[in-house]
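Here is the structure we will look at, set down as structure tokens.
Note that the structure is predicted; figures quoted are calculated from it, not measured. Proteins come first, then strands; the chains are lettered A, B, ... in the order of their sequence lines, and each starts at number 1.
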Amino acid sequence: MGSDKLLFIEDLHKYYGKHHVLKGVNLAVNEGESVVIIGPSGSGKSTLLRCINLLVKPDKGRIVFDNEEITTGKIDVRRVREKIGFVFQHFNLFLHLTAIENVMLGLIKVKNYPREKARRIAEEALLSVGITEELWNKYPAQLSGGQQQRVAIARAIAMEPKLLLFDEPTSALDPELIGEVLKVMEKLANEGRTMIVVTHEIGFALKAADRVVFFDDGKIIEEGSPEQVILNPKTERARRFLFSIRELYRLE
Amino acid sequence: MGFAEEIVYLVSTYGVSLFNAMLLTLEITSIGFTLGVLLGLPISLGRVYGPLPLKALLAAYIELIRGTPMIVQLFFIYYALPLVGIKLDAFTASIIAIGLNSAAYQAEYFRMAFGAVPREQWEAALSIGLSKWSTITNVIIPQGVRIAIPALTNELIYLLKYSSIAYFVTVPETVYVSKVIGAKTLLHIQIYTITAVFYILVAVVLTKSAKKLEERVSIPGLVVKGRI
Ligand SMILES: Nc1ncnc2c1ncn2[C@@H]1O[C@H](COP(=O)(O)OP(=O)(O)OP(=O)(O)O)[C@@H](O)[C@H]1O
Ligand SMILES: [Mg+2]
């Protein structure tokens, strides 16, 4: 395990009752790398991301993050989560807080920054995702889906995480709003942030990913460069799935 | 004398004692309710998020309160506690009984309200590294309390009427004084009409104020359908 490995997952298993959801996942992510995970619904992609930031407790296997095994009992879960940003499919902004307060909450309550400093960082983060001043004091319900998701991204990056996890960040968005979110994510990838993105946006994968992982039935069954996995998959399963996705895109 | 004149007579003759009685009713209600919030909120938190023994203890408390008539609880506090050396005047005993009773109900309303906060709000808070407690105070309580307002309004109006149990330990609140005046003047229907109007008026004012409060603290864009 080299020191440039930020994340190292080894033989990870998760059961929901008798349902074996993760069946031995092995994945290593380098510092600065952006990895796209593609795979059919129900294959366990969200579960994998949730295991990484310990929202879900894996049943077997190891996760080493930032040179520290986080799957032992002794770990300070909060400190790990603080270092991992999570962007949800349905944004999950705090409903009772304005855009800027959403970004500030973690800075104040987790990082213990004074209000002024938190506000400065939050403003910067919001601007970097294209949320301009007139939107800062809007509540989530007053923002479009694309704006909400960008605020959610700002909330994640303001904490200066070492790793960003995206769980289908654009699949709850109207088609015309997907672009603005993908653009922000591309920018983050180009800045050299380490990120794992679960998405079916193969255009994004081809443009911004360093590596694509095809996930099926609780396991990684194929991985490689975006061109190779998306345009030229080796396994029959991946070929079929990607074919159906490509058809879908052509139709749009 | 006609009905209206009799009412005028009652008000002009007994106005001051009626007024004081009504004031007492409002005092018992508001202090009892406040006590109920101050106890009910922590009880609900302990019951939902506390360690197992605490959960069980608080659940038992709620069952005990809900399973016995409020009047029995009041008699217990007023007549039984002096046996162990705790002697309370009737007014204080009434407030404590109502507060303890209301706390159990309010705890349940808060519990339901916290349960109605979407699970995703928890996940979002935990994912940025907030602790469980910090999530509760910064996310769950602010959203849950808003959800609880209508139920708490009902509880307050309920208490307004049930504060009259203080009558049974001779607190000169509205019902007690009305009864005394009724017995003295034999104008029963007339005096209880005045009393009823009082309760209705207060209930209407409370309902309207609660609606205002609810609107004031409502989250912009969330309750009102459509974009602003
Ligand atoms: N909390 C849970 N309790 C029980 N079963 C769950 C839970 N979460 C997920 N599952 C099950 O685990 C399996 C994998 O779910 P997961 O959400 O990880 O899949 P996914 O690949 O993200 O799918 P999708 O593309 O639909 O989001 C599914 O069969 C799902 O029903
Ligand atoms: Mg999923």
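- For F88(A), the part lying near chain B is the side chain, with the backbone staying farther off; criterion is any non-hydrogen pair under 4.5 Å.
- For the set A125(B), S134(B), P118(B), S131(B), the count of heavy-atom pairs under 4.5 angstrom toward chain A peaks at S131(B).
- Enclosure of atom CD in E124(A) is not indicated, since only 12 or fewer non-hydrogen atoms of other residues, nucleotides or ligands lie within 6.0 angstrom.
- Annotation for E160(A): atom CD does not count as buried by contact number, only 12 or fewer foreign heavy atoms lying within 6.0 Å.
- Within 6.0 Å of the OH atom in Y79(B), the count of heavy atoms belonging to other residues, nucleotides or ligands exceeds 12.
- Note that OG1 of T135(B) is 7.0 Å distant from CZ of F94(A), once rounded to the nearest 0.5 Å.
- Looking at R50(A), only its side chain comes within 4.5 Å of chain B, counting heavy atoms on both sides.
- Within a 6.0 Å radius of NZ in K211(B), no more than 12 heavy atoms belonging to other residues, nucleotides or ligands are found.
- Heavy atoms from other residues, nucleotides or ligands lying under 6.0 Å from OH of Y162(B) number 12 at most.
- Looking at I84(A), the atoms closer than 4.5 Å to chain B (heavy atoms on both sides) all sit in the backbone: N, CA, C or O.
- Heavy atoms only, all atoms of each residue included: P220(B) and A141(A) are closest at O-CB, 3.9 Å.
- The line from CZ of F91(A) to CD of E120(B) is 12.0 Å long, rounded to the nearest 0.5 Å.
- If you measure heavy-atom distances from L93(A) to chain B, the contacts under 4.5 Å come from the backbone alone.
- More than 12 non-hydrogen atoms from other residues, nucleotides or ligands lie less than 6.0 angstrom from NZ of K111(A).
- The local environment of CD in E133(A) is sparse, with at most 12 non-hydrogen atoms from other residues, nucleotides or ligands closer than 6.0 Å.
- Taking all atoms of both residues into account, the shortest heavy-atom contact from R81(A) to L126(B) is CD-O, 2.9 Å.
- No donor-acceptor pair closer than 3.5 Å links the side chain of H96(A) to the backbone N or O of G144(B).
- Residue F19(B) qualifies as open at atom CZ: its count of foreign heavy atoms under 6.0 Å is 12 or below.
- With rounding to the nearest 0.5 angstrom, the CE atom of M159(A) is 9.0 Å from the OG atom of S127(B).
- Between chain B and the options N53(A), V110(A), L95(A), T98(A), heavy-atom pairs under 4.5 Å are most frequent for L95(A).
- The CG atom of N102(A) lies 8.0 Å from the CD1 atom of I128(B); values are rounded to the nearest 0.5 Å.
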